[in-house]
Amino acid sequence: MLNKIILMGRLARDPELRRTGSGIAVTSFRLACDRDFKSQNGEKETDWIDVVAWRSTAEFVSKYFTKGRMAIVEGRLQTRDWTDKEGNKRVATEVVAENVYFGDSKRDAAEGGYSAPSYGAPAGGRSSAPAASSSFSDFAEIGEEDGDLPF
């Protein structure tokens, strides 16, 4: 059977490292993952996904990740049952992280969040005018009237 999940999102809070009775490191955190589409009212919705990491992965996450950092989590989906203090049966669904990677750079995190790089692409439709950005001053968009393309 296949049970594989890959998520990319921002940590909703700082991860907290704990240890089991036998000394095994464990940390849990929540990822905020924006959906790729907007709802009917025009806003993007966010899924809040619980993640648990064990052993060296738990230590890595608690040491290098903080609230707001972008993380890529590779793992498996798991459900567990328990009975709460009032005797009610409960079910938790969470991702057990096998690997966690940085989804942003150290510089982006220091600046308070990720921002997409600006490439200076021309605004609007097709144009045969050169791109406005000075870093791309040697490049020009090829208009439809230019005829044959070299590829």
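It should be emphasised that the depicted structure is a prediction, and the values quoted were computed from it without experimental measurement. When a residue number appears, it is its place in the shown sequence, counting from 1. Because only heavy atoms are used, hydrogens play no part in the values below, and waters and symmetry mates are left out as well, while side chains stay in.
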Query raised in the report: Would you say the side chains of Asp14 and Thr66 form a donor-acceptor pair under 3.5 Å?
Result: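 Checked: Asp14/Thr66 side chains show no N/O donor-acceptor pair below 3.5 Å.
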**Report entry** Exceeds 12 heavy-atom contacts within 6.0 angstrom, atom CG of Asp36
**Finding:**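 Atom CG in Asp36 is not packed in, count stays at 12 or less.
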Query - Rounded distance (nearest 0.5 Å) linking atom CZ of Arg35 with atom CG of Asp47 - result: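 Output value for this atom pair is 4.0 Å.
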Query raised in the report: CE of Met8 to CG of Asp104: how many Å apart, nearest 0.5 Å?
Result: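 The CG atom of Asp104 is 8.0 Å from CE of Met8, to the nearest 0.5 Å.
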**Report entry** Residues clustered with Phe65, ILVMFWY side-chain links under 4.5 angstrom
**Finding:**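 Other cluster members: Ile5, Leu7, Leu11, Phe29, Leu31, Ile49, Val51, Phe60, Val61, Tyr64, Val73, Leu77, Val95, Val100, Phe102.
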Requested in this report: Only counting residues at least two apart or in another chain, list the ones meeting side-chain hydrogen bond (donor to acceptor under 3.5 Å, both in side chains) with Asn99.
Outcome: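 Expected list: Glu74.
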I need the minimum non-hydrogen distance between [X] and [Y], along with the two atoms involved.
X: Cys33; Y: Gly9; answer: SG-CA, 4.1 Å
X: Leu17; Y: Thr27; answer: N-OG1, 4.0 Å
X: Ser62; Y: Glu59; answer: OG-O, 3.1 Å

Report task. Determine whether Glu43 and Lys38 make a side-chain contact, defined as any pair of heavy atoms from C-beta on separated by less than 4.5 Å. Result ->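 Answer no - side chains too far apart.
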Query raised in the report: With side chains defined as the heavy atoms from C-beta onward, is the minimum distance between Pro15 and Lys67 less than 4.5 Å?
Result: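 The answer is no, as the side chains (C-beta and beyond) never meet within the 4.5 Å cut-off.
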Report task. Check side-chain contact (heavy atoms from CB on, under 4.5 Å) between Gln40 and all other residues, then give those that pass, not counting sequence neighbours. Result ->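 Gln40 satisfies side-chain contact (heavy atoms from CB on, under 4.5 Å) with no residue once adjacent residues are dropped.
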Requested in this report: Under the side-chain contact (heavy atoms from CB on, under 4.5 Å) rule, collect the residues that match up with Ser22, sequence neighbours excluded.
Outcome: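 Expected list: Thr20, Ile24.
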Requested in this report: Determine, step by step, whether Glu16 and Ser28 satisfy the side chain to side chain contact (heavy atoms under 4.5 Å, CB included) criterion, reporting the C-alpha distance in whole Å, the side-chain angles of both residues, the deciding distance to 0.1 Å, and the verdict.
Outcome: CA-CA 7 Å; Glu16 183 179 319; Ser28 57; over 6 Å; no
**Report entry** Lys/Arg-Asp/Glu bridge criterion (N-O < 4.0 Å) met for Lys89, Asp81
**Finding:**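 Looking at Asp81 together with Lys89, the answer is no, because their closest N to O distance does not fall below 4.0 Å.
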Query raised in the report: Does Asp34 pair with Lys44 as a salt bridge, N-O distance under 4.0 Å?
Result: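 Looking at Lys44 together with Asp34, the answer is no, because their closest N to O distance does not fall below 4.0 Å.
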Report task. If a pair satisfies ring pair (Phe, Tyr, Trp, His ring centres under 6.0 Å) and one of its residues is in residues 30-54, list it, with sequence neighbours excluded. Result ->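 Counting only pairs at least two positions apart or across chains, no ring pair (Phe, Tyr, Trp, His ring centres under 6.0 Å) contact touches residues 30-54.
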**Report entry** Summary of salt bridge (Lys or Arg N to Asp or Glu O under 4.0 Å) pairs that have at least one residue in residues 91-100, sequence neighbours excluded
**Finding:**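 Counting only pairs at least two positions apart or across chains, the salt bridge (Lys or Arg N to Asp or Glu O under 4.0 Å) contacts touching residues 91-100 are Lys4-Glu98, Arg80-Glu94.
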